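Right, one structure below, let's go through it.
The model shown is predicted, which means the values in this text are computed figures rather than measured ones. Below, each value reflects all heavy atoms present in this structure, side chains not excepted, and no hydrogens, waters or symmetry copies. As the structure lists them, so they are numbered: ligands from 1, and atoms in each ligand from 1.
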Amino acid sequence: MQISNEQLKLVNDRIRALIASDSFYGKKLAEAGITEVHTPEDFLKLPFSEKNDLREAYPLGLMTAPEEEIVRIHSSSGTTGTPVIIPYTRKDVDDWATMFARCYEVAGITNRDRIQITPGYGLWTAGIGFQNGCEKLGAMAVPMGPGNTEKQLQMMQDLGSTVLCSTSSYALLLTEEIEKRGIKDKIKLRKGVIGSERWSDKMRQRISEGLGIELYDIYGLTEIYGPGIGINCEHNTGMHIWDDFLYLEIIDPKTGEPVPDGEFGEIVITTLVKEGAPLIRYRTHDLSRIIPGECPCGRSYPRIDVIQGRTDDMMKIKGVNVFPKQIEEVLAAFPEISSEYQIRISHLDGKDTMRIYVETNGHVNFDDLSHRIAEKVKSRIGFTPIVKVVEIGVLPRSMKKTARVIDERFA
Ligand code: ZN
């Protein structure tokens, strides 16, 4: 999807602002002698930006607007070392809320809805993003934050929440708790807006049927506003991305070259109007693809597929590139197992091994099931894993994102 002339104009405005502010990226652009871009080809010559650069700019090196215009910062959770700080102007906060309100609207949510928000509030962008969008839309926010399932379910019943915002893992946990307590008829939920964690169709179906709700995938990351930069519509044919605020590319993560529409690669995002911390060609490490053609809903916003994982999730096992999504698709063909699974890769006696843990109830023969799954995986990826079958409920569920692939070779 080529960058348009209007988008190029906005990119040039951002390049000028970066250079004028002498911010971290302003200096880099000035050093590289870049002052503007005229054509889509010029644009592709702009250097990428990376999370590691953003860490180098800690604490406020990314600040591109004057201090008096910065109204807030957010920080992305650095699992290793220095976090990343993103400054926002009032306009950035407002633009983000506009994008988020648009997400809710596309999901058919209105100012008559009551939105229970379970992602965390604080330095990271999750809870507050859901909240600002909700208020912009004029709906009623029920700002719960994460955890305390007892209280979540109480408020959900007492207030008659109609929309649940959460991670897919927490939505699954709530589904199971609601069933366990037999309170489904007291729950008024009609829709779920789920953060862009990679999740299987099977899990989606489990939550959707368990709660009797429609589910929407929302996309975003702290470095680029936060959640709310795109969502799937009622046709569920990928997430529409708000290209009046952002330009999105898909590149080959190894070569950095753009891939044709329809092919999977790494998402790279350029912010078109962000003031506090504009980013040019930011590598997200999220894997997806542009969905070619028009959406049946008629909206012209481009679409990307559900996030397939992270570029660093790609596993090389016995010389073969394996992708968690491939295993997930194989598992989806077995109705007798739950939507939870775990993959563990280890190196034993000079050989890589893959163990896959799956859950089932006590009514099936564990050995037989394990063989059948192992065979199917072999036919898909070329080597035989060890499949361990456990009782339903044994694998970890979490409030946040559940780690499903554990590589013990590098532990
Ligand atoms: Zn659509």
Ring center gap for Phe48 and Tyr282 short of 6.0 angstrom: no

Opening angle between SG in Cys233 and NE2 in His240, taken at the Zn ion (ligand 1), to 10 degrees: 110°

Heteroatom N/O/S of His235 within less than 2.8 Å of the Zn ion (ligand 1): no

Main-chain N/O of Thr89 paired to Asp92 side chain as donor or acceptor, under 3.5 Å: yes

Check ion pair Glu329-Lys202 (N to O, under 4.0 angstrom): no

Backbone of Leu123 reached by a side-chain donor or acceptor of His74 within 3.5 Å: yes

Angular separation of SG (Cys295) and SG (Cys297) seen from the Zn ion (ligand 1), to 10°: 100°

